[in-house]
Number of protein chains: 2
Amino acid sequence: MAQTGTLTHAVEEYLEAIHRFASAREGPTTTGLAEHLDVTPASVTGMLKRLADLGLIAYQRYGRIRLTPAGDRLAHAIVRRHRLAERLLADVLEVPLDQVHDEACRLEHALSPDVAGRIADKLGDPELCPHGHPIDAQADDRTMSLLDAPKSRALVVVRLENESPEVVRYLADQKLLPKARLKVRAREPVGGGVVVEVDGERHTIGRELAATIRVTRPRRTSRT
Amino acid sequence: MAQTGTLTHAVEEYLEAIHRFASAREGPTTTGLAEHLDVTPASVTGMLKRLADLGLIAYQRYGRIRLTPAGDRLAHAIVRRHRLAERLLADVLEVPLDQVHDEACRLEHALSPDVAGRIADKLGDPELCPHGHPIDAQADDRTMSLLDAPKSRALVVVRLENESPEVVRYLADQKLLPKARLKVRAREPVGGGVVVEVDGERHTIGRELAATIRVTRPRRTSRT
DNA sequence: GTAGAATTTTAGGCGAGGCTAAGATTGACG
DNA sequence: CGTCAATCTTAGCCTCGCCTAAAATTCTAC
C-alpha cells in the first residue's frame, strides 16, 4: 500500500494537486485537476482509479474526491518539500519570486527526506514559503480573501493562492506580495473588482485575482 | 532532433552514463551500461536505438557506441548540473560526502539551466565537484591512476572515479579523499594491491579500487 | 579455423500514463 | 418533471521504458 519511495512522479503530482484543491476549500474535481495538471479529464479519471487502488484517495465513480489519511500524509510531505525547495530557491539562490513555484515543482520530486530536513535546518525551520503558505501543517486559518476584506481597515497580505509566474510578477509590480500592508478603498459596482491602496497608491484588482489573495488584520507581533 | 527540455529522465541517464564511460577511457558497452544503470542489456539496446534516432549517439548493431557532438553537448550539460548539485549539497546543505552522489543523481534532472547558473554564481564558480571531477570541460588530464603511480614520491589525490556511498565512505575512513597527500610504499606481489602511506599510516588498497583513484604529483600552487 | 563463451540483439509482453471519441451520469433550468 | 449542457467515465489506442527468453553475432582459445 504505497511506500514513500514507490510513488511515481505522476502520483506525487496528483496527490499534491488534490491537496491544494482541498486546502483551498474548493472540492477537487476531475475537470479542475485536469486543468491544473494540464492533462485531459479522461486521464484524470484513470489516475483517480489508481490512487484509489493505492489507498490514497477515497472515491467512487462520479463521486467526491477526498484524500485518505495515508494520502493526506503523503501529500503533506510532498507539499512540504515543495515549499522548502521554494525557500531554498528564493533565499539561498535568489531565484526571482515569479519563477520559484515552477522550479520547485520539479525539485520537489527529487528531494529525499534527508535533504529536505537539511534545507529546513539550514534555513532555520522557516514557517512559510515565499508565497506565504505554511510549510508545516497549519491549525487554524485566520485569513480572508481580499474579496471579503472590510473597507478602510489596515490589512496585510498573508499569502497568494495563485503562484503562476504571470500572477506573481503582476502582484510584485503592484507591491502586493506577502507582508505588504494595504487598505481596501472601494469595490467596483459591477464586476466586483477591489480598489486597494498600497504604499500610497491605488490599484484595482479584478474579482478573480482578488479572490486568490489572502489577507488578515495586522498582528502587533510582526512589524519587520 | 532533441530539444533540451524534451529529454526524458531515462534519456538523460543514458547520456550521462555513456559520457562517464567515455571520459573514463573505457568504451561504453551494452553490458557496462546495463550494470551501471541497473537495467538489462536488452533494455540498453532498445534505448541505444532511440538515442541513435534522436541523433545523440552514433551506433550500429554490435558496433561501437559514441556520442555525437549534439549528444556530447547535452551530456556535458547534464554532468555539469550533476556536479553543481553535488557542490550545493556538500557545501551549503552539508550532506555527508558519501550520500552526495546519489542525491545529485535525482536532482540533476530537476535543475533548469537558470538555477544551475545561480548555483554556480552563489558558490563562486567552483571548478571541481566534491569528488574532484571538473565541473566544466577539462582540457588535459595530468592525473594517473593510483595503480600506475610511482613509489615513494609525494602524491595528492585528485578525484574518485567511483562515487558510490560504500566506496566514498571507505575512502573517507582511510583519509583518501581529494586533496589528501600520500605516498605509494609498496605493491603486493600477487593481486596487485597498493600499499599507501597517508597521514603517517599505511593501508593496502585493492587493485580494482586503486584503479579508480586518480592522483598526481603535488602542484606548488595549492597548499591549502 | 572452428567450438564454445560472452556479448548483443530481436521478439514479444507489461505497466504507467497519456490521448481521442463516444457514452453515461449529474445537475440546472424552464 | 423533462431536457440540455456540463461533467465524468469507458473503450480503445499510443509511446516510453522496462522485462524475459531466444536468436544472432562477435570474441577467445585451442
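Keep in mind it's a predicted model, so treat the numbers as computed, not measured. The sequence lines fix the lettering, A, B, ..., with proteins before strands; numbering per chain opens at 1.
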Report summary line: Of the listed C:dC19, C:dT10, C:dT20, the closest approach to the A:Val39 side chain comes from C:dC19
Whole Å only: how far is the [atom1] atom of [X] from the [atom2] atom of [N]?
{"X": "B:Met47", "N": "C:dT10", "atom1": "CE", "atom2": "C1'", "result": "18 Å"}
{"X": "A:His109", "N": "C:dG17", "atom1": "NE2", "atom2": "P", "result": "12 Å"}
{"X": "A:Leu37", "N": "D:dC8", "atom1": "CG", "atom2": "C1'", "result": "16 Å"}
{"X": "B:Tyr14", "N": "D:dG17", "atom1": "OH", "atom2": "P", "result": "9 Å"}
{"X": "B:His9", "N": "D:dT15", "atom1": "NE2", "atom2": "C1'", "result": "17 Å"}
{"X": "A:Leu54", "N": "C:dG17", "atom1": "CG", "atom2": "C1'", "result": "13 Å"}
{"X": "B:Asp38", "N": "D:dG17", "atom1": "CG", "atom2": "P", "result": "17 Å"}
{"X": "B:Leu33", "N": "C:dT9", "atom1": "CG", "atom2": "P", "result": "11 Å"}

Query raised in the report: Has A:Asp173 got more than 12 heavy atoms of other residues, nucleotides or ligands less than 6.0 Å from its CG?
Result: yes
Requested in this report: Looking only at non-hydrogen atoms, find the nearest pair between B:Ser145 and B:Ala210 and report the distance.
Outcome: OG-O, 3.5 Å
Requested in this report: Would you name the heavy atoms of B:Arg187 and B:Asp148 that are closest together and state the gap between them?
Outcome: NH2-C, 4.3 Å
Query raised in the report: When you match A:Tyr62 and A:Val44 each to their closest nucleotide on DNA chain C, which lands nearer the 5' end?
Result: A:Val44
At under 4.0 Å between heavy atoms, what does [X] touch on the DNA or RNA strands: base, sugar-phosphate, or nothing?
{"X": "B:Ser43", "result": "base"}
{"X": "A:Ala10", "result": "sugar-phosphate"}
{"X": "B:Thr40", "result": "base"}

With respect to the phosphate group of [N], does any side-chain polar atom (N or O) of [X] fall under 4.0 Å of OP1 or OP2?
{"X": "B:Thr8", "N": "D:dG17", "answer": "yes"}
{"X": "A:Arg61", "N": "C:dA24", "answer": "no"}
{"X": "B:Thr30", "N": "C:dT9", "answer": "yes"}
{"X": "A:Lys49", "N": "D:dT9", "answer": "no"}
{"X": "B:Thr45", "N": "C:dT9", "answer": "yes"}
{"X": "A:Arg50", "N": "C:dG15", "answer": "no"}
{"X": "B:Tyr59", "N": "C:dT9", "answer": "yes"}

Filtered N/O pairs between nucleotides 2-5 of chain D and protein, under 3.5 Å:
none

Requested in this report: Please determine which of B:His133, B:Glu12, B:Glu108 meets the side chain to side chain donor-acceptor pair (under 3.5 Å) test together with B:His82.
Outcome: B:Glu108
Query raised in the report: So, A:Asp114 and A:Ser112: side-chain donor and acceptor under 3.5 Å apart, yes or no?
Result: no
Requested in this report: Ignoring hydrogens and angles, state whether a donor on the side chain of B:Glu161 or B:His131 is under 3.5 Å from an acceptor on the partner side chain.
Outcome: no
Query raised in the report: Parallel, tilted or perpendicular for A:His19 and A:His76, by the 30°/60° rule?
Result: perpendicular
Query raised in the report: Does the pair A:Arg80/A:Glu16 count as a salt bridge with the N-to-O cut at 4.0 Å?
Result: no
